[in-house]
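Read the structure below first, then the notes.
What's counted below: heavy atoms across the whole structure, side chains too, no hydrogens, waters or symmetry copies. Read the numbers this way: they start at 1 and go in the same order the structure lists the ligands and their atoms.
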Amino acid sequence: MVGSAWGATDSMSVKSADVDVVVVGGGGVAGLYLLYRLRGLGLSVTAFEAGSDVGGTWYWNRYPGCRCDVDSLEYSYSFANDLQQEWHWPERYGTQPEILKYVNHVADRFDLRRYIQFNTRVTSAVFDTNSNLWTVTTDQNGIIRAPFCVMATGNLSTPRKPDFPGIDDFQGEWYHTGLWPHEGVDLTGLRVGIIGTGSSGVQSIPHIAAQAKHLHVFQRTANFSLPARNEPMNAQTELTHKAEYPVRRKAAYDTPFGIAGYPLPDKSALEVSADERDQIYERKWEQGGSISFLYSFNDLLTNKAANDTASEFVRQKIRSTVKNQEVAELLAPHTHPMGTKRLILDTNYYETYNRDNVTLVDVKSAPIEEITRTGLRTAQAGYELDAIVFATGFDAMTGAMLDIDIRVEGGPSLKEAWSAGPRTYLGLMIAGFPNLFMIMGPGSPSVKAQMILGAEQHTDWIAECLQHLRSRELSRVEATAEAEENWVIHVKEVADSTLYPLANSWYLGANIPGKPQVFMPYVGGFGPYKKKCDEVVANGYEGFVLRR
Ligand code: NAP
C-alpha cells in the first residue's frame with residue numbers, strides 16, 4: 001500500500017488511510033483521465049474496474065455496428081496535444097474497435113494500468129466521519145481506505161437485464177448489446193429477433209440483417225434517426241482540424257454540447273417560409289450528424305410548433321426511404337418531439353426495412369408476453385427464433401452508483417437519499433456524503449455533452465479542489481443541503497423550459513419500471529454549466545463546506 005498525503009499530515013484522524021483517493025470505475029475514459037490527473041498531483045490512487053481491461057463503455061458494447069455518434073476528431077481527449085496530433089482516426093465516426101484501441105493506447109502511453117485493479121466490482125463504500133475515511137469494499141474481498149472517493153461509474157453502464165417471463169427456458173442464444181461477447185457472435189443463417197430500437201438497436205439492425213437468415217425487429221416505440229454520413233477521414237479535414245485543435249478545444253467549453261465548429265442558429269423555425277425551412281433541413285440531412293441538424297434553428301428543443309416542422313421533415317424522409325408504407329408509418333415517430341429522446345445516427349437503418357429478410361413487428365399494440373423455448377410470443381402471434389438480441393438499454397445515470405451500498409455511518413444510504421430521484425450539487429457532490437465526488441453525475445450536462453470533454457472538465461474541477469484542500473491542510477469537503485436544493489430546483493426549471501420532459505426517455509428514468517421520474521441531465525448548456533463551476537471556485541467554493 002502507498003501512503004496518503006493526508007495521512008502524512010499531523011492530523012490523527014486520517015492516519016490509517018491506504019491511499020489518498022479511491023476511483024470506482026478506473027478503466028473508462030473518465031477513470032483513466034482521473035488517474036492521469038491525480039497522479040500528476042502526486043496523490044496516491046487506487047482504481048477498481050469491473051471489466052478485465054480498460055475501455056469502459058467501449059469495452060462492454062461490442063455489438064455489430066457499434067460506433068460513436070460524435071465525430072472522432074471531437075470524441076477524444078484534449079488534455080495532451082501530442083496525443084491528439086499523433087492519433088489518426090480512420091473514419092469520420094470512430095468504430096467501437098477503433099475507440100477501444102485508442103483508449104488502450106492512452107492507458108499505455110501514460111502508464112495508467114498499474115493503478116487499476118481489474119475484474120473487481122466495488123460493492124460498498126462507507127464513510128466514517130470520525131476517521132474521515134471512506135472504506136471501500138470489493139467483490140474480491142478487498143478493503144481499502146481513503147479520505148476521498150470518486151465515482152467514475154458511467155452513465156450508461158448498467159445494462160437493463162431482460163426480465164421477460166420464460167427467458168430461462170429459451171433454447172437458443174440470447175445477448176444484450178451492452179454485454180456483447182468479446183469473441184463476437186456469428187448470426188449467419190440464423191432466425192434472429194431483436195428487441196429495442198434505441199441507438200444500440202438502430203446501429204446493429206443493418207449489420208444483423210446482413211448476416212441473419214431472417215431478422216424480426218420488435219419495436220415498441222419508433223425513434224428519430226438521422227443519417228450519420230460516415231466516411232473515410234478526409235486528409236484535409238484532419239489536417240485543418242488538428243491545426244485548429246487548441247482553439248477548438250477551448251471554444252468547445254463555451255458551447256451548448258461541448259463541441260465547437262457549429263455556428264449557433266439565430267432564427268426560429270417559424271420565422272422562415274416552409275420552402276426555406278425544408279432547404280435548411282435538407283442541407284443538414286445531407287451533411288449528417290445530430291448537432292448540426294438540431295442547430296437548424298434556435299428553437300427546435302424549446303418550441304413545440306417549431307419542433308413539429310423538423311419532426312415532420314424526418315417522418316417524410318422515412319416515408320420516402322421505406323418502400324412499404326405500412327412499415328414506414330410504424331417507423332415514423334409520433335410519441336415525442338424530435339431530439340427529446342437521444343437522437344440516433346444511423347447508416348442504412350431505414351433502408352434495411354426494404355430487405356426481404358427483415359420484418360418489423362409492432363409490440364406497442366401487441367406487447368411481448370413471454371420468451372418461449374423456441375422464440376417469443378406477443379399478444380398477437382408467436383415467432384420462431386434461433387437467437388434473441390436485447391437492445392433494451394440501461395438503468396441510466398444512477399444505476400451504477402445505486403448498485404453500490406454507499407452510505408455514511410449512522411446516516412442514510414445513497415439509495416435512501418435518492419429515493420425520490422437523484423439530488424446533487426452540480427452533479428459533482430451530494431449533500432450528506434462528504435469527500436465523495438462523481439464524474440458527470442445527475443445534474444451535470446453529462447450525457448447531453450461530449451462525454452470526454454465532460455469527464456475532463458469534472459476531473460479538472462475535482463483535482464483542483466483536492467489540491468486546494470491539501471495546500472490548506474483541509475481534509476473535508478461537502479456540498480451544503482441548501483446549495484444542493486437550489487441546484488436541483490434549477491436543473492428542473494431549465495428542463496421544464498424545454499421540450500425534453502415531453503418524452504418518456506431514459507433521461508427521465510422512464511425506461512425503468514418503478515424508477516422515480518426526475519429529469520437527470522442538466523440541459524442549460526455545457527458553456528453556462530462550466531461557467532457556474534468556475535464561479536463556485538472563484539467564490540471560495542460557494543455552496544460547499546471545507547474544513548479540517
Ligand atoms: P435505449 O435508447 O434505452 O433503447 C432501448 C430500446 O428497448 C427502446 O426502443 C425500448 O422501447 C426498448 N425496450 C425496452 N424494454 C422493452 C420491452 N419490454 N419491450 C419492447 N421494447 C422494449 O437503449 P440503447 O439503444 O442501448 O441506447 C441507450 C443510450 O446509449 C443511447 O440513447 C445513447 O445515449 C447511448 N448509445 C450511444 C451510441 C452511440 O454513440 N452511437 C450507441 C448506443 C448507445 P421504449 O422506447 O418503448 O421504451
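- Of the listed options Pro513, Gly393, Ala391, Ala391 places a heavy atom closest to atom 6 (C) of ligand 1.
- Summarising the contacts of atom 19 (N) of ligand 1 with Arg220, Lys448, Lys364, His336, the nearest heavy atom is found in Arg220.
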Ser225 vs Asp346, side chain to side chain donor-acceptor pair (under 3.5 Å): CA-CA, chis, key distance, verdict: CA-CA 6 Å; Ser225 184; Asp346 74 85; 2.6 Å; yes
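- Salt-bridge formation is detected for the pair Arg319/Glu329: a Lys NZ or Arg NE/NH1/NH2 atom is positioned less than 4.0 Å from an Asp or Glu carboxylate oxygen.
- Note on ligand 1: Lys341 sits in its first shell, one or more heavy atoms being nearer than 4.0 Å.
- Residue contacts with ligand 1, taken as heavy atom pairs separated by less than 4.0 Å, do not involve Phe218 at all.
- Contacts between Arg160 and ligand 1 below 4.0 angstrom, taking non-hydrogen atoms only, involve the side chain exclusively.
- Against a heavy-atom cut-off of under 4.0 Å, Arg67 is close to the following atoms of ligand 1: 39 (C), 40 (O), 41 (N).
- Within a 6.0 Å radius of NZ in Lys213, other residues, nucleotides and ligands contribute 12 heavy atoms or fewer.
- Taking a 6.0 Å sphere around CZ of Arg377, one finds it holds more than 12 heavy atoms contributed by other residues, nucleotides or ligands.
- At least one heavy atom of Trp506 sits under 4.0 Å from some atom of ligand 1.
- Heavy-atom contacts of Thr221 reach the following atoms of ligand 1: 45 (P), 46 (O), 47 (O) (cutoff under 4.0 Å).
- When only interatomic distances are considered, the shortest N/O to N/O separation between Gln203 and ligand 1 falls below 3.5 Å.
- Between Phe394 and His176, the ring planes lie perpendicular to each other; the angle is over 60°, past the 30° to 60° tilted range.
- A ring-centre distance under 6.0 Å is found for Tyr383 and Phe218.
- Assignment of Val447 to the shell around ligand 1 is not supported, since no heavy atom sits closer than 4.0 Å.
- Ring-plane geometry between Phe79 and Tyr36 is classed as tilted, the angle between the planes lying from 30 to 60 degrees on a 0 to 90 degree scale.
- Of all protein heavy atoms, the one closest to atom 38 (C) of ligand 1 is Ser199 CB, 4.0 Å.
- Heavy-atom distances between Thr197 and ligand 1 reach below 4.0 Å in at least one pair.
- With a heavy-atom cut-off of 4.0 Å, Tyr63 touches ligand 1 through its side chain alone.
- Distances shorter than 4.0 angstrom do not occur between any heavy atom of Tyr93 and any atom of ligand 1.
- Residue Asn223 has no N or O atom closer than 3.5 Å to an N or O atom of ligand 1.
- Arg248 has its side chain within reach of His241: a pair of non-hydrogen atoms, C-beta onward, lies under 4.5 Å apart.
- When each atom of ligand 1 is checked for a heavy atom of Cys68 under 4.0 Å away, the hits are 40 (O), 41 (N).
- Using a 4.0 Å cut-off to heavy atoms of Ile195, the atoms of ligand 1 that qualify are 20 (C), 21 (N).
- Contacts between Leu156 and ligand 1, counted as non-hydrogen atom pairs separated by less than 4.0 Å, involve the side chain only.
- For atom 18 (N) of ligand 1, the closest heavy atom belonging to the protein is Phe164 CZ, 3.3 Å.
- Relative to the six-membered ring of Tyr59, Arg62 meets both conditions, a distance below 6.0 Å and an angle of at most 45° to the axis.
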